[in-house]
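One structure is given below, encoded as C-alpha cells.
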Amino acid sequence: LRLDLDRLILDWGKGNSGFGLRLCSYFPSRFAGIILRHPVEVTGLRLDSLTGVPVLLLSSPETKTACDNIAKTLNGLQAGACTVLEGKGGYPFTDSRAEVSEWAKKVQRDLYRSKVTLVPTSNKFRTGYWVRIGVADQIEAVPEAQRPMITVEADAKDNRITVTTRSIGDFALTLNDALVDLDKDVTVVVNGVAEKVKPQRN
C-alpha cells in the first residue's frame, strides 16, 4: 500500500464511536481527522488532547444531542475544529458521501502545530505532536480537576515557548525551525517563570 501518513482519517460507526474518541485521545497526533457516524457521549473522558484535530460528526435525530455536546466541547477547545453534518439516507449515511469527501479533502495532519494540549486519559500514553510528558501523577490518584495536563504554545515571532502544566514533574519538547528559530536563544516560560535557553540541534 502507498499511504500518505499525514492524511489518515479514522471513520467510526455504530457501536464503536465512543471507543474511537477514546483511542484518538490517547494518540492525538497519529491521525489527520476523525469521522463519527453514530456519535455518543463518553462519560469521564476529557477531550482536551484532541484540541484542533478535525472531527466530522454525522448527525441524526437519535444522535443530535450527543453531536451538539461533542461539537460544543471540541469547538470550545479550538473554534472550527468540529463540523456537524446532517446525515442523509439513514445510517451509515451513504447519501452524504459527497459532503464527507469534500470535508476529507481539506484534512491534513499538522505535526508542528503551534499549540498542543495533552490531558492524558491513560497513564501509559502521554505523548502528542512535539510534546512528551515524563513524570506525572497517576490519573486515578488525583481528582479530575487536578489531573495531569500540559498546554504548550510556540510563538515564532518572539521565539518564545509558553508552557502551562499541572501535576507534572517533567516534560520534553522536540523543537525544530517550524516552531522557533533554533539559531537564536529561545525564551521558555513555564507556569509564569521565564528562562532563556540555547537549543542544541540533533
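Using a 4.5 Å heavy-atom cutoff, the side chains of Val100 and Arg97 are not in contact. Side-chain atoms of Cys24 and Phe31, non-hydrogen and from C-beta on, do get closer than 4.5 Å to each other. Between Pro148 and Val142 there is a side-chain heavy-atom pair separated by less than 4.5 Å. Put simply, the side chain of Trp103 reaches to within 4.5 Å of the side chain of Ile35, judged on heavy atoms. Looking only at side-chain heavy atoms (C-beta outward), Thr187 and Asp158 stay at 4.5 Å or farther from each other. Counting heavy atoms from C-beta outward, Arg132 and Thr174 have side chains that stay 4.5 Å or more apart.
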Checklist line | side chain to side chain contact (heavy atoms under 4.5 Å, CB included) assessment of Arg201 paired with Asp183 | finding: CA-CA 9 Å; Arg201 294 182 183 276; Asp183 290 327; 3.0 Å; yes
Note to self: The test is side chain to side chain contact (heavy atoms under 4.5 Å, CB included); show your working for Thr162 and Asp155 and say whether it passes.
What the structure shows: CA-CA 8 Å; Thr162 302; Asp155 182 345; over 6 Å; no
Checklist line | Worked verdict on Leu179 versus Asp177 for side chain to side chain contact (heavy atoms under 4.5 Å, CB included) | finding: CA-CA 5 Å; Leu179 296 165; Asp177 290 295; over 6 Å; no
Next item on the list: Take Thr117 and Leu77, measure what side chain to side chain contact (heavy atoms under 4.5 Å, CB included) needs, and give me the verdict at the end.
Entry: CA-CA 9 Å; Thr117 296; Leu77 296 170; over 6 Å; no
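Phe171 and Val163 get closest at one heavy-atom pair: CZ-CG1, 3.8 Å. Listed here is the closest heavy atom pair of Val40 and Ala66: CA-CB, 4.0 Å. Minimum interatomic distance between Arg37 and Pro92 (heavy atoms only, all atoms of both residues): NH1-O, 2.8 Å. Heavy-atom minimum distance, Val53 versus Pro28: CG2-O, 3.9 Å. The heavy-atom pair separating Ala194 from Val189 by the smallest distance is CB-CG2, 3.9 Å. Taking both residues in full, the closest heavy atoms of Leu57 and Cys67 are given as CD1-O, 3.5 Å, listed atom of the first, atom of the second, then distance.
Evaluation of the side chain to side chain contact (heavy atoms under 4.5 Å, CB included) rule for Lys198 yields Asp185, Gln200 as partners, not counting sequence neighbours. Listed by chain and number, the residues in a ring pair (Phe, Tyr, Trp, His ring centres under 6.0 Å) with Trp12 are Phe19 (sequence neighbours excluded). Remark: Ala141 engages Gln138 in a side chain to side chain contact (heavy atoms under 4.5 Å, CB included) (not counting sequence neighbours). Judged as a side chain to side chain contact (heavy atoms under 4.5 Å, CB included), and not counting sequence neighbours, the contacts of Asn75 are Ala71, Ala81, Cys82.
Both Val152 and Leu175 sit in one connected hydrophobic cluster of ILVMFWY residues. Membership requires side-chain heavy atoms under 4.5 Å apart, directly or through other members. Under the 4.5 Å side-chain heavy-atom criterion for ILVMFWY residues, a single connected hydrophobic cluster contains both Leu111 and Leu118. In the hydrophobic cluster analysis, where Ile, Leu, Val, Met, Phe, Trp and Tyr join through side-chain heavy atoms closer than 4.5 angstrom, Leu50 is grouped together with Trp130. In the hydrophobic cluster analysis, where Ile, Leu, Val, Met, Phe, Trp and Tyr join through side-chain heavy atoms closer than 4.5 angstrom, Leu56 is grouped apart from Leu47. Ile9 and Leu74 fall into different hydrophobic clusters, defined by Ile, Leu, Val, Met, Phe, Trp and Tyr side-chain heavy atoms under 4.5 Å apart, directly or through other members.
Rounded to the nearest 0.5 Å, atoms CD (Glu86) and OG (Ser96) are 8.5 Å apart. Taking CG from Leu58 and NZ from Lys88, the interatomic distance works out to 11.0 Å, rounded to the nearest 0.5 Å. With rounding to the nearest 0.5 Å, the separation of CZ in Arg166 from CG in Asn191 is 10.5 Å. Annotation: the span from Ile70 atom CD1 to Thr63 atom OG1 amounts to 8.5 Å, rounded to 0.5 Å. We find the NE2-CG distance between His38 and Asn16 to be 11.0 Å, quoted to the nearest 0.5 Å. Distance check: Thr121 OG1 to Leu45 CG gives 5.5 Å after rounding to the nearest 0.5 Å.
Atom CZ of Arg7 is surrounded by more than 12 heavy atoms from other residues, nucleotides or ligands within 6.0 Å. The 12-atom threshold is exceeded at CD of Gln108, counting heavy atoms of other residues, nucleotides or ligands nearer than 6.0 Å.
For residues 42-71, every residue pair satisfying the salt bridge (Lys or Arg N to Asp or Glu O under 4.0 Å) rule, not counting sequence neighbours, is listed here: Arg46-Asp48, Lys64-Asp68. Each salt bridge (Lys or Arg N to Asp or Glu O under 4.0 Å) pair with one or both residues in residues 104-129, not counting sequence neighbours, appears once here: Asp6-Arg109, Glu102-Lys105.
Glu140 and Asn123 share a side-chain donor-acceptor pair at under 3.5 Å.
Distance alone, capped at 3.5 Å, is enough to place a donor-acceptor pair between the Ser49 side chain and the Val119 backbone. A side-chain donor-acceptor contact under 3.5 Å links Ser29 to the backbone of Tyr129. Distance alone, capped at 3.5 Å, is enough to place a donor-acceptor pair between the Tyr91 side chain and the Lys14 backbone.
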